[in-house]
Amino acid sequence: MSQETLPKAYEPTAVEQRWRDHWEQNTTFTPEITPESEPYSIVIPPPNVTGNLHMGHALNLTVQDIMCRHARQRGKTVLWVPGMDHAGIATQNVVERRLAQEGKGRHDLGREAFIEKVWAWKEEYGGNIRRQVKALGCSVDWTRERFTMDEGLSRAVRKVFVQLYKEGLIYKGDYIVNWCTRCHTALADDEVDHLPNKGKLWHVKYPLEDGSDFITIATVRPETILGDSAVAVHPEDERYSHLIGKKVRLPFSGRLVPIIADTYVDREFGTGALKITPSHDYNDWEIGKKHNLEFIQVIDDNGIMKPNAGVLAGLRKEEAREVAAKALEEMGLLVKVEDYENSVGHCYRCKEIIEPHVSTQWFVAVRSLADKARDAVPGQTQIFPDTWLKTYYNWLDNIRDWCISRQIWWGHRIPAWACASCGHLMVEEQAPDSCAKCGHSVLKQDEDVLDTWFSSALWPFSTMGWPDKTKELETFYPTSVLVTGFDILFFWVARMMMLGIHFMGEIPFHHVYIHALVRDADGRKMSKSLGNVINPLDMIDKYGTDSLRFTLAAFAAMGRDIRLSEERIEGYRHFVNKIWNASRFALMNLPENGGELKPVDLDNIEGTHHQWILHRLEEMKAATSRSILDYRFNDAAQDLYKFIWTEFCDWYLELIKPDMYAEADDKTKDTARYVLWTVLRETLVLLHPIMPFITAEVWAALPGNGGTDIAEEPYPAPRPACLRPEAAARMNMIQEVIVAVRTIRAELNIAPSLKLKTIVRPLDAESAATLEAHRKVIEVLARLESLTLDAAAVAPKLSASQVACGNEVIVPFEGSVNLDAEKARLDKELAKLYKEQAMMEGKLASPSYVEKAPQHLVERDRARVEELIAAALKLKAVRAKFEA
RNA sequence: GGGCGGUUAGCUCAGUUGGUAGAGCAUCGGCUUUACACGCCGAGGGUCGGGGGUUCGAGCCCCUCACCGCCCACCA
């Protein structure tokens, strides 16, 4: 490719698509496992088949891709497993909603037909997610794509279930669970969102059995009165102590229930008397168990009052509440009503209010698993940033048994069969032919399916072929790092730890990197209802994938949320374009197809500008890799930005332009070309993990790369001899001299087109030599007509001055320059010097500082004061001439 | 109630073992300097939320207060 074919502005769309196709067709990211392989592996947090990728995914995937691409550069054999999650309730809801539009429900279809519908839906929309992962440029191994419901993973799920059951770690039991009356299923504690709710607190009189008195309870749920089994008071509450043991008559039914004492009751709250409804409240359930109370359900699994609810029977629970309240008022039992705000659980999927509901469910006894998952951190698994450690511990310490059964259809069906004849329960990986106890052949499989997170918990090893002993497992388990947002630390990470340790005998990942949440520009969570969602695909269309990825990397500071706005992404598109144009410049100056590029000895190169940029390149090589390995993506991105734009483009490319002039000799040209080629080439490799596309495109266009793919290029080896801080110091001096002239020009309003005659009085012989050696470059970049280097040169009376690293830069005036402007400029400059000098001297005047501070710092400060004094003297001399 | 994070230039944010503050964007001034106006050159702008402490020295460490945000638990 030659420069003619590189357009002036970078156009990402076509370029990116070419590389996506290239990498996929060449299976570039399918690892080759050899005995020498040093493995690096990541399993993708599987996106839900229901969704579209949002910015959180884009960040998550970008981070993983940076890690994987960099690991390949370091010579690792990298496996990044892609895949998707069947997302039980979420997916079922989506499909049900679609059916509802046709006026049908899932029961109209029946279980099998419904599941077929869901599979069809998955085929249609799973492809959508896959396209988006591809759009982001993720270097996953598509030949190993997995789905939580595919055959292999389902086998792993059954095996795990059966083994845990046989170990006594899975059991079936009655429990009060979070019930969604809309989704018709139990939910785990962490699938419930607690949201503030404005309700009322009703104070209701319960008459004593003998009618002699009342006890007044406070409740937010009068509709459950018919399910009450007791009234509880605090044992030390003297207001009620005389009533303990007596019975009260419930409103509506007149049923008698006892007044019991329990320290759970808060004397300060309400009336200090609490009605106990064991079947419809989590705490009441505990109290009911403890006191052996009656368990009476008055609300069914649809949220409708049951026939035993008397006058309320058949009403929805919300209606029943109003009706009950009104009836109580009419009966004269209502003492008062207060407005009251509490928090109420909502289904995390459908937002319906959760109803505490007693039912038979399957549970995992997690205590022993949780302890091991706790102990493995941070010894075997490290969490980054470690601020999440406490949260992780806290959750595991307070964990309750995990309810894993869900009363839906889409998911892994529980591998348990009951004998139709004797009721014997069999938990097996495959359906048994007959009852193991009575031999009867009619068996009925449990209707429930497993919590989605059950299969997700196996993901790190199930995706690698477990329970078979595969070479993937042998090579790539444990995985290197898990990259995720903190929102699923518990749902997912902790459970992978528990089951990974239990079944593999080893932690599932060495590192957990928890990245930020992506928010909108105002710090709000992105959500459809707020309408503030920035769609990654839209951004990719408008600004290119590299811009988006670089933006996410640049803002991915550890432990902090990202406030994303479109302007940022647009801003970094400028950077992509800058790289593009710098590359165009390079290609214009490099030979077309490699043949004529003459290697030079970089370790012994001449020319401060070359030495300097090679020195900086060495520093960047060390820093970039370090930053990526430490999950400091913002540092990596920002260092590269500054290096490429400010140092490479603004300075180095300008510095070598004179070397490329027609009149320059061949050696000068060859040297500049070779260094230019080297720096650009290696910088592209450093940048590649963050910006895979443009780096691949430019790499392919550069001479000498002979059809290689940058995605397979190793990280550039260090060149220790090129680390030359003294060259960097010399370069800094040259830059300061150039900037001094530019500043004088700008502040005195001298036209850029006017070439200046400039005198520099060098600080010493060494400085003089350095400046002399780079005379040409100074003349070009400072736009000079002539440069006089002479310590003894006499400054014309009318001239502007600036001190640059001790060198006095003198620009003689033309008549038109405003004297006052230069006086003001000098005064400003002097003030700056005096201020710093005063500060330094103050510091040095303190005996304790001179005694206690490290010597090198004291020396440095003393030297600095000398410099400041010398510089101020020079400027003062110039200033004095204006007054004469 | 328990825990965590934040408060630094107009805005959004960096600041890696304590050495006297940086970037991008925005602002102002200048520029057809043959890679790039998605550009170049230059400039202005901060008592690092308040108070106290440790230290020769604090944006950074300790205490405290204020405000903002998040997580967990509870909520009759």
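Order of the sequence lines sets the chain letters (A, B, ...), proteins ahead of strands, with each chain counted from 1.
Using cut-offs of 30° and 60° for the angle between ring planes, the A:Y631 and A:Y513 rings count as parallel.
Partners of A:R864 by salt bridge (Lys or Arg N to Asp or Glu O under 4.0 Å), not counting sequence neighbours, listed by chain and number: A:E836, A:E867. Among residues two or more places apart in sequence or in another chain, the ring pair (Phe, Tyr, Trp, His ring centres under 6.0 Å) test is passed with A:Y10 by A:W580. Under the rule for a ring pair (Phe, Tyr, Trp, His ring centres under 6.0 Å), A:Y393 has no partner lying at least two apart in sequence or in another chain. In this structure A:Y392 satisfies the ring pair (Phe, Tyr, Trp, His ring centres under 6.0 Å) test with no other residue, sequence neighbours excluded. Considering only residues two or more places apart in sequence or on other chains, A:R783 meets the salt bridge (Lys or Arg N to Asp or Glu O under 4.0 Å) condition with none of them. Not a single ring pair (Phe, Tyr, Trp, His ring centres under 6.0 Å) links A:F214 to another residue, sequence neighbours left out. With sequence neighbours left out, A:R239 forms a salt bridge (Lys or Arg N to Asp or Glu O under 4.0 Å) with A:D237. Residues satisfying the salt bridge (Lys or Arg N to Asp or Glu O under 4.0 Å) test with A:E567, not counting sequence neighbours, are none.
For the P atoms, the distance linking B:C60 with B:G50 amounts to 11 Å, nearest Å. The gap from the C1' atom of B:A43 to that of B:C61 amounts to 37 Å, rounded to the nearest Å. Taking atom C1' on both B:C67 and B:A26, the two are 27 Å apart, rounded to the nearest angstrom. Comparing the C1' positions of B:C13 and B:C48 gives a spacing of 13 Å, expressed to the nearest Å. Comparing B:C65 with B:C56, their C1' atoms sit 29 Å apart, to the nearest whole Å. Using atom C1' as the reference point in both B:G52 and B:G2, the two lie 27 Å apart (nearest Å). The same atom, P, is picked in B:A21 and in B:C25; the two are 23 Å apart, to the nearest Å. Atom name P, nucleotides B:A66 and B:A73: the rounded distance is 27 Å, in whole Å.
Straight-line distance from the CG atom of A:L680 to the P atom of B:A35: 15 Å, rounded to whole Å. Atom CD1 of A:I383 and atom C1' of B:G5 are 17 Å apart (whole Å). For A:D639 and B:G24, the CG to C1' distance is 14 Å, given to the nearest whole Å. Following rounding to the nearest Å, A:E566 (CD) and B:U12 (C1') show an atom-to-atom distance of 16 Å. With rounding to whole Å, A:K832 atom NZ is found 7 Å from B:A43 atom P. B:C72 atom C1' lies 11 Å from atom CH2 of A:W388, rounded to whole Å. In this structure, CZ of A:R742 is placed 14 Å from P of B:U33, rounded to the nearest angstrom. Atom CG in A:D635 sits roughly 12 Å away from atom C1' in B:C13 (whole-Å rounding).
The side chain of A:R632 sits closest to B:U16 out of B:C36, B:U16, B:C72. Relative to the side chain of A:T743, the nucleotides B:A35, B:C4, B:G42 differ in distance, and B:G42 lies closest. Each of B:G19, B:A43, B:U20 was ranked by its minimum atom distance to the side chain of A:L857; first place goes to B:G19. Considering only side-chain atoms of A:Y264, the nucleotide from B:C74, B:A14, B:G42 that sits closest is B:C74. If you check B:G30, B:A14, B:G5 against the side chain of A:N749, the one that comes closest is B:G30. Closest to the side chain of A:L653, out of B:U33, B:A35, B:A43, is B:A35.
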RNA chain B in dot-bracket, Watson-Crick or G-U pairs under 3.5 Å, [ ] crossing, | other strand?
(((((((..((((.....[..)))).(((((.......))))).....(((((..]....))))))))))))....
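Across all strands shown, A:K843 has heavy atoms under 4.0 Å from base atoms, whether or not it also approaches the sugar-phosphate. Within the 4.0 angstrom heavy-atom criterion, no nucleotide atom of any strand lies near A:R745. At a threshold of 4.0 angstrom between heavy atoms, the contacts of A:K200 with the nucleic acid are absent. The residue A:Y641 sits close only to the backbone: its heavy atoms come under 4.0 Å of sugar-phosphate atoms, none of a base. A:I217 comes within 4.0 angstrom of nothing in the nucleic acid, heavy atoms only.
Each of A:K390 and A:A554 lies near RNA chain B, and the nucleotide nearest A:K390 is the one positioned closer to the 5' end. With the nearest nucleotide of RNA chain B identified for both A:F486 and A:V344, A:F486 has the one nearer the 5' end.
At B:U34, none of the side-chain N or O atoms of A:K657 fall inside 4.0 Å of OP1 or OP2 (strictly under the cut-off).
Salt bridge annotation for A:D659-A:K669: absent, with no cationic side-chain nitrogen under 4.0 angstrom from a carboxylate oxygen. A salt bridge is defined here as a Lys NZ or Arg NE, NH1 or NH2 lying under 4.0 Å from an Asp or Glu carboxylate O, and A:E841 with A:K843 fails to meet this definition.
A donor-acceptor contact closer than 3.5 angstrom is absent between the side chains of A:D262 and A:H234.
Remark: A:R742 qualifies as a cation-pi partner of A:W651 under the 6.0 Å distance and 45° angle criteria applied to the six-membered ring.
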So which protein N/O to nucleotides 54-57 of chain B N/O distances come out below 3.5 Å?
{"residue": "B:C56", "atom": "OP1", "partner": "A:K852", "partner atom": "NZ", "Å": "2.2"}
{"residue": "B:C56", "atom": "O4'", "partner": "A:S848", "partner atom": "OG", "Å": "3.2"}

N/O contacts under 3.5 Å, protein versus nucleotides 37-40 of chain B?
{"residue": "B:C38", "atom": "O4'", "partner": "A:H574", "partner atom": "ND1", "Å": "2.8"}
{"residue": "B:C38", "atom": "O2'", "partner": "A:N577", "partner atom": "ND2", "Å": "3.1"}
{"residue": "B:G39", "atom": "O3'", "partner": "A:K578", "partner atom": "NZ", "Å": "2.9"}
{"residue": "B:C40", "atom": "OP1", "partner": "A:K578", "partner atom": "NZ", "Å": "2.6"}
{"residue": "B:C40", "atom": "OP1", "partner": "A:W645", "partner atom": "NE1", "Å": "2.7"}
{"residue": "B:C40", "atom": "OP1", "partner": "A:D650", "partner atom": "OD1", "Å": "3.1"}

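Annotation: salt bridge (charged side-chain N to carboxylate O under 4.0 Å, His left out) contacts involving residues 222-235 of chain A, sequence neighbours excluded, comprise A:R221-A:E223, A:E223-A:R321, A:D228-A:K275.
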